[in-house]
Amino acid sequence: MADTAVTTPLRSPLSRAADRLAAATRASGGTIRLAELPFLTQINVRLDPKGAAADAVGLALGLPLPVEPDTVVRAGELTALWLGPDEWLVVGPPGGQKDLESRIRDAAGDEPVSVIDVSAQRTTLLVAGPRALDLLAHGCSLDLHPRAFGPGRCAQTNLGRTQVVLVARDDPRAGFWVLVRSSFAGHLTDWLLDAAVEWTG
């Protein structure tokens with residue numbers, strides 16, 4: 001029997017905002033870079049950080065799950081974010097959901113573990129450039145100076161009155177990831193573009 005299932009192409013929450021983000025980046029003359037990083041794989045993992053599964057999952061992923069609050073561990077194309085004492089978000093390239101879920105479940109074996117694909121729950125905005133800190137400071141109460149929030153740090157916080165997960169990239173020049181729920185992505189993008197007017201004219 002022929003497969004009659006209709007496949008709909010993926011469409012990111014900010015597909016209609018791509019041109020506006022690119023225009024703001026150009027207008028800033030390089031001081032601000034704004035872009036969506038759509039469809040990143042995002043797997044929520046919960047397990048006992050002191051149990052055997054934690055080490056086994058770390059080995060399977062090729063990176064240890066961070067145990068210090070609000071920290072990030074990166075290896076290759078994967079990033080693990082600490083979200084709580086027994087909770088992490090593993091972020092990887094688009095399309096890797098099934099592979100990551102399988103690797104984590106297989107590594108955990110019989111140990112209690114929760115593995116949930118939340119890739120469709122959030123999208124990711126990149127905020128970079130020499131004025132990225134100034135832009136984010138308009139709507140975030142955290143001290144984002146590299147001394148306090150440098151590479152290897154993340155936080156669940158508010159930006160422009162929107163709940164986000166903010167991630168400092170490997171190098172201050174690489175800027176920040178802003179992980180935002182898909183339903184609030186348009187609002188946050190409008191806020192960022194409005195706040196960036198100081199540099200984009």
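Just the heavy atoms: all of them, side chains too, but no hydrogens, waters or symmetry mates, feed the values below. This chain uses plain numbering: 1 for the first residue, then up along the sequence.
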List the atom of [X], the atom of [Y], and the distance in Å for their closest heavy-atom pair.
X: Val67; Y: Trp82; value: O-NE1, 3.7 Å
X: Trp191; Y: Leu135; value: CH2-O, 3.7 Å
X: Ala24; Y: Thr200; value: O-CG2, 3.2 Å
X: Ala107; Y: Ala60; value: CB-CB, 3.6 Å
X: Ala53; Y: Glu111; value: CB-CB, 3.5 Å
X: Val113; Y: Ala108; value: CG1-CB, 3.6 Å

Among Ile43, Leu83, Val45, Val72, the one residue meeting side chain to side chain contact (heavy atoms under 4.5 Å, CB included) with Leu89: Leu83

Name the one of Leu100, Val90, Ile104 that satisfies side chain to side chain contact (heavy atoms under 4.5 Å, CB included) with Val115? Ile104

Any pair with a residue in residues 24-35 that passes side-chain hydrogen bond (donor to acceptor under 3.5 Å, both in side chains), sequence neighbours left out, goes on the list, sorted by first then second residue, please.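 Sorted result for residues 24-35: empty, none.
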
Quick one: side-chain hydrogen bond (donor to acceptor under 3.5 Å, both in side chains) pairs with a partner in residues 64-73, sequence neighbours left out? Glu68-Arg153

So that I can tick it off, tell me whether Arg20 and Asp190 are bridged by a salt bridge, with the cut-off set at under 4.0 angstrom between side-chain N and carboxylate O. yes

Less than 4.0 Å between a side-chain N and a carboxylate O, is that true for Asp48 and Lys50?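 The answer is no: the pair does not qualify as a salt bridge.
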
Measure the [atom1]-[atom2] distance between [X] and [Y] for me, rounded to the nearest 0.5 Å.
X: Asp117; Y: Asn44; atom1: CG; atom2: CG; value: 10.0 Å
X: Leu125; Y: Leu21; atom1: CG; atom2: CG; value: 6.5 Å
X: Arg181; Y: Leu188; atom1: CZ; atom2: CG; value: 13.5 Å
X: Thr123; Y: Phe184; atom1: OG1; atom2: CZ; value: 14.5 Å
X: Leu136; Y: Ser141; atom1: CG; atom2: OG; value: 12.0 Å
X: Thr79; Y: Leu40; atom1: OG1; atom2: CG; value: 9.0 Å

Do [X] and [Y] come close enough that some side-chain heavy atom pair is under 4.5 Å?
X: Arg122; Y: Val180; result: no
X: Glu198; Y: His138; result: yes
X: Cys140; Y: Thr157; result: yes

Show your reasoning for whether side-chain contact (heavy atoms from CB on, under 4.5 Å) applies to Ile116 and Glu101. CA-CA 8 Å; Ile116 302 173; Glu101 282 188 87; over 6 Å; no

Please indicate whether Phe39 has more than 12 foreign heavy atoms, meaning atoms of other residues, nucleotides or ligands, lying under 6.0 Å from its CZ.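 Atom CZ in Phe39 is crowded, with more than 12 foreign heavy atoms closer than 6.0 Å.
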
In terms of hydrophobic clustering (I, L, V, M, F, W, Y; side-chain heavy atoms under 4.5 Å; direct or indirect links), are [X] and [Y] co-clustered?
X: Val91; Y: Leu78; result: no
X: Leu144; Y: Trp177; result: no
X: Leu159; Y: Leu193; result: yes
X: Val167; Y: Val73; result: no
X: Leu65; Y: Val118; result: no

Ala54: partners by side-chain contact (heavy atoms from CB on, under 4.5 Å), with sequence neighbours left out: Leu47

Start with the C-alpha distance between Leu34 and Val127, add both sets of side-chain angles, then the distance that settles side-chain contact (heavy atoms from CB on, under 4.5 Å), and finish with yes or no. CA-CA 5 Å; Leu34 299 172; Val127 181; 3.9 Å; yes

Kindly confirm or rule out a cation-pi arrangement of Arg46 over Trp88, judged by NZ or CZ under 6.0 Å from the six-membered ring centre and within 45° of its axis? no

Judged by atom type as modelled, is there a donor-acceptor pair below 3.5 Å linking the side chain of Ser102 to the main-chain atoms of Lys98?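 No.
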
Consider only side-chain N and O atoms of Glu36 and Thr124, and report whether a donor and an acceptor are under 3.5 Å apart. no

Are Gln121 and Ser182 linked by a side-chain donor-acceptor pair shorter than 3.5 Å? no

